[in-house]
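Notes for the one structure printed next.
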Amino acid sequence: QVQLVESGGGLVQAGDSLRLSCVVSGRGFSSYAMGWFRQAPGKEREFTAAITANGGITYYADSVKGRFTISRDNAKNTVFLQMNSLKPEDTAVYYCASERALITRNSRSWDYWGQGTQVTVSS
């Protein structure tokens with residue numbers, strides 16, 4: 001079974017940066033598209049960023065475009081989310097997810113999920 005473990009969340013001030021990591025165990029990491037989703041209190045889980053299996057194409061929600069960068073290191077079975085210029089509205093639990101088929105912004109289409117890591121951005 002595939003397991004995903006996120007790390008790197010924390011409490012920061014607006015304008016600061018964080019780098020989230022997601023380590024994937026199990027076979028076939030290099031064949032998975034990977035994504036990050038986030039869920040703020042009282043809101044639905046929303047798409048944040050995704051990257052194709054070979055890292056050649058990335059996708060971003062409009063709310064984070066230009067500030068966040070998704071990347072992956074297939075040799076280390078790890079996907080990253082570099083978050084710059086953080087805003088209070090970025091506060092959420094961030095989840096890593098994997099997808100064996102087509103990338104979609106619909107969270108219900110993703111196959112495996114990590115436990116989440118909390119990101120809190122203060123004013």
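Since the model is a prediction, treat every value here as computed from it, not as a measurement.
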- Query: Could R72 and F29 be counted as a cation-pi pair, given that NZ or CZ must be under 6.0 Å from the ring centre and within 45° of the axis?
  - Reply: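 The answer is yes; both the distance and angle limits are met.
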*Under 6.0 Å from the six-membered ring centre of F80 and within 45° of its axis: does the NZ or CZ of R19 meet both?*
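Because its charged atom sits under 6.0 Å from the ring centre and within 45° of the axis, R19 does stack over F80.
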Using a distance-only test with no angle check, is there a side-chain donor-acceptor pair under 3.5 angstrom linking [X] and [Y]?
X: S98; Y: D111; answer: no
X: Y32; Y: R100; answer: yes
X: N54; Y: T52; answer: yes

**Message:** When you measure from the side chain of T117 to the backbone of G9, do you find a donor-acceptor pair of N or O atoms at a distance under 3.5 Å?
**Reply:**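 Such a contact is found between T117 side chain and G9 backbone.
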Beyond-backbone contact of [X] with [Y], side-chain heavy atoms, under 4.5 angstrom:
X: T91; Y: R38; value: no
X: Y60; Y: T69; value: yes
X: Q115; Y: V5; value: yes

Which atom names give the shortest non-hydrogen contact between [X] and [Y], and what distance separates them?
X: S123; Y: Q13; value: O-OE1, 3.3 Å
X: A50; Y: W110; value: CB-CH2, 4.1 Å
X: A53; Y: S30; value: CB-O, 3.2 Å
X: A92; Y: A40; value: CB-N, 3.8 Å
X: S85; Y: S17; value: N-OG, 4.2 Å
X: S109; Y: T104; value: CB-CG2, 3.0 Å

What is the distance from atom [atom1] of [X] to atom [atom2] of [Y], rounded to the nearest 0.5 Å?
X: Q39; Y: Q118; atom1: CD; atom2: CD; value: 11.0 Å
X: S122; Y: D16; atom1: OG; atom2: CG; value: 8.0 Å
X: S25; Y: Q3; atom1: OG; atom2: CD; value: 4.5 Å

Report whether [X] and [Y] are members of the same hydrophobic cluster (ILVMFWY, side-chain heavy atoms less than 4.5 Å apart, transitive linking).
X: I70; Y: W113; answer: no
X: L20; Y: Y59; answer: no
X: I51; Y: I103; answer: no

Would one find more than 12 heavy atoms of other residues, nucleotides or ligands at under 6.0 Å from atom CD of E46?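 Check passes, neighbour count above 12.
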*Over 12 foreign heavy atoms within 6.0 Å of CD, E89*: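 For E89, atom CD is crowded (more than 12 foreign heavy atoms under 6.0 Å).
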### Chi angles and distances behind the salt bridge (Lys or Arg N to Asp or Glu O under 4.0 Å) call for D90, K87
CA-CA 5 Å; D90 295 319; K87 304 174 180 179; over 6 Å; no
Exercise for the section: Evaluate the criterion side chain to side chain contact (heavy atoms under 4.5 Å, CB included) for residue pair V121 and V119; output intermediate values, then yes/no. Expected result: CA-CA 7 Å; V121 185; V119 173; 4.1 Å; yes
task = Could you tell me how the ring of F68 sits relative to the ring of Y94: parallel (under 30°), tilted (30 to 60°) or perpendicular (over 60°)?
result =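 Plane angle between 30° and 60°, so tilted.
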Show your working on ring pair (Phe, Tyr, Trp, His ring centres under 6.0 Å) between W36 and F47 and close with a plain yes or no.
-> CA-CA 7 Å; W36 290 94; F47 169 81; over 10 Å; no
*Checking side chain to side chain contact (heavy atoms under 4.5 Å, CB included) for the pair L4/V23: CA distance, chi angles, key distance, verdict?*
CA-CA 6 Å; L4 292 72; V23 178; over 6 Å; no
inquiry  = Show, in sequence, the C-alpha distance, side-chain angles and deciding distance for C96 and V79, and conclude whether the side chain to side chain contact (heavy atoms under 4.5 Å, CB included) test is met.
reply    = CA-CA 8 Å; C96 179; V79 63; 3.6 Å; yes
- Could you walk me through whether V24 and M34 pass the side chain to side chain contact (heavy atoms under 4.5 Å, CB included) test, one step at a time? CA-CA 10 Å; V24 181; M34 299 297 300; 3.7 Å; yes
